[in-house]
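Note sheet for the following structure.
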Amino acid sequence: MVLKSIYEKIIGATCSSKSSVETIDNSQVPASSKVVSGESKYPKASLWSGFFPAGFSVYETYNEPSSSEKKAVYFGNSGWAAAVRKVVNSGSMRRFQERVLGTGRTEISSSDGDIWLLGVCHNISQQESTENVDTSNEFAAFEQDFSSKILVTYRKGLSNIYCFDPIGDSKYTSDVNWGCMLRSSQMLVAQALLFHKLGRSWRKNIDRPLDKEYIEILQSFGDSEASAFSIHNLLQAGKGYGLAVGSWVGPYAMCRTWEVLVHNQRETDNLVEQPLPMAIYVVSGDEDGEHGGAPVVCIEDASKRCYDFSRGKLVWMPLLLLVPLVLGLDKINPRYIPLLQSTFKFPQSLGILGGKPGASTYLIGIQGDKALYLDPHEVQQVVNINGESQETSTSSYHSNVIRHIPLDSIDPSLAIGFYCRDKDDFDDFCSRASKLAEVSNGAPLFTVAQSRGFLPQAASNNVLGSNTGFQDDDSVVMDIANEAGNNEDDWQLL
């Protein structure tokens with residue numbers, strides 16, 4: 001807080017939600033050069049060296065909002081325009097943000113255990129006990145997996161003849177400083193499309209031509225109304241949930257917005273031609289998300305989503321599940337941490353929309369008590385991936401710089417994503433989810449029920465901890481409900 005006070009006095013800035021001053025730090029070293037075997041930490045450089053990296057410059061940082069206002073606050077004013085432009089090109093602001101917030105690059109240590117990345121385990125902890133094995137192989141496989149995940153960040157400006165189209169009737173031609181939740185959600189859906197079209201084992205390889213399906217996925221997240229899943233179309237679809245240009249949005253409203261957008265774009269009977277060729281199921285306490293308690297994955301509801309999306313042609317089809325949760329008041333309840341860690345081990349895992357208050361990130365993996373994430377707060381120039389140099393233009397959609405955040409420090413308001421390719425995959429997900437609920441000590445993240453008639457009474461009465469699995473046993477429901485009633489849980493309304 002002292003450093004922050006000094007910082008504010010130095011720059012003398014006023015609050016502004018339109019400051020577009022955060023940028024990429026191109027000096028960051030790829031994670032592949034940072035594998036260590038001990039309990040080493042990322043070396044902290046002097047804070048003051050960041051104030052004067054190359055003459056005087058201006059920085060920004062996030063102010064954590066109150067629990068009633070999940071909005072980001074930024075510093076800056078128009079009088080500093082020249083200095084701001086200099087900072088945008090220097091990358092110093094990102095370094096300052098990392099030092100103040102404590103988030104940044106990470107040294108991956110094999111002593112911290114294996115890494116789980118969206119359902120895949122990278123056994124780097126086994127390297128030390130394995131003889132005659134190249135210790136870089138496993139980490140190299142992890143890095144290639146990590147860097148193949150699609151990164152979607154703030155965009156602005158012009159790129160040759162391509163520009164960021166104005167959003168709706170506004171004059172906004174950038175989402176800098178307010179669009180991080182939208183970008184995080186775009187990343188999650190992009191991974192679902194990547195897994196659906198190219199498989200979980202797909203890796204981006206610069207030594208071979210880019211896959212057509214990969215290019216099509218990136219094109220659908222362009223920054224114009226012509227792109228199916230652009231910020232422009234998300235904001236239009238989410239008006240009913242309070243989405244507006246320049247405003248921050250929470251995970252629940254974001255999930256519902258995707259549900260509306262996918263429904264609105266369901267125009268033809270050809271499922272293959274759909275922008276999102278999968279049904280979407282938002283799992284919450286009730287249809288309006290106004291009741292607490294553990295959400296229930298209803299198997300019959302999931303089947304109905306598939307049937308309706310296919311317009312009666314299919315009993316089942318690929319399914320995207322989004323589970324918005326609030327797991328505490330000002331901070332996440334520690335009892336949920338092991339459960340969240342376990343979700344990354346599901347083969348169906350699409351990660352978590354989460355981060356710090358007002359600063360959404362996309363959590364895609366865990367190592368011990370650390371969550372690895374992709375950061376949408378990098379400011380990049382808008383690109384056109386239809387051009388001749390596609391490899392150059394697609395490179396901004398990937399990163400090999402690995403950042404982490406303590407899992408117990410993330411905002412309690414979050415959303416978990418899962419992709420189920422077919423009915424067997426969904427059944428496997430339900431089995432894993434039921435087993436996870438059984439070991440939750442009466443406080444599951446979510447539960448599973450066969451039908452609405454089997455929904456546990458505890459959930460409908462806003463009592464945490466009901467889990468019937470696939471059974472309809474009133475005595476089991478009451479036992480779990482009574483146990484949950486004796487716990488002091490921090491569930492909030494969604």
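Note that the structure is a prediction, hence the values are computed from the model and not measured.
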Whether [X] side chain and [Y] backbone form a donor-acceptor pair below 3.5 Å:
X	Y	result
H122	W116	no
T257	A253	yes
Q380	T153	no
N233	S227	yes

| remark: Heavy atoms of A237 and V260 approach each other most closely as O-CG1, 3.5 Å
| task | Please report the closest heavy-atom contact between L151 and S399, naming both atoms and the distance. | result | CD2-CB, 3.8 Å
Can you classify the ring geometry of [X] versus [Y] as parallel (below 30°), tilted (30 to 60°) or perpendicular (above 60°)?
X	Y	result
F418	F446	perpendicular
F229	W258	tilted
H377	Y154	perpendicular
Y241	Y252	perpendicular

Do [X] and [Y] have side-chain heavy atoms sitting under 4.5 Å apart?
X	Y	value
L363	T361	yes
L234	M254	yes
L445	L325	yes
V152	L182	no
I150	Q191	yes
F142	L372	yes
P376	Y362	no
S284	R256	yes

| field | Contacts of type salt bridge (Lys or Arg N to Asp or Glu O under 4.0 Å), residue D308, not counting sequence neighbours | value | K304
Salt-bridged, [X] to [Y], with N to O below 4.0 Å?
X	Y	value
R203	D145	yes
E438	K435	no
R183	D223	yes

Compile the donor-acceptor pairs under 3.5 Å between side chains in residues 343-353 and protein atoms, sequence neighbours left out, one pair per line.
from	atom 1	to	atom 2	distance (Å)
T343	OG1	L340	O	2.6
Q348	NE2	D425	O	3.2
Q348	NE2	D425	OD1	2.9
Q348	NE2	D428	OD2	2.9
S349	OG	G351	N	3.3

| said: Name the residue from Y281, Y419, W316 that meets the ring-ring contact (aromatic ring centres under 6.0 Å, His included) definition with F426. | reply: W316
| Looking at Y397, is R155 sitting on its ring face, NZ or CZ under 6.0 Å from the six-membered ring centre and within 45 degrees of the normal? | yes
| task | Say whether R432 and S342, considering side chains only, have a donor N or O and an acceptor N or O under 3.5 Å apart. | result | no
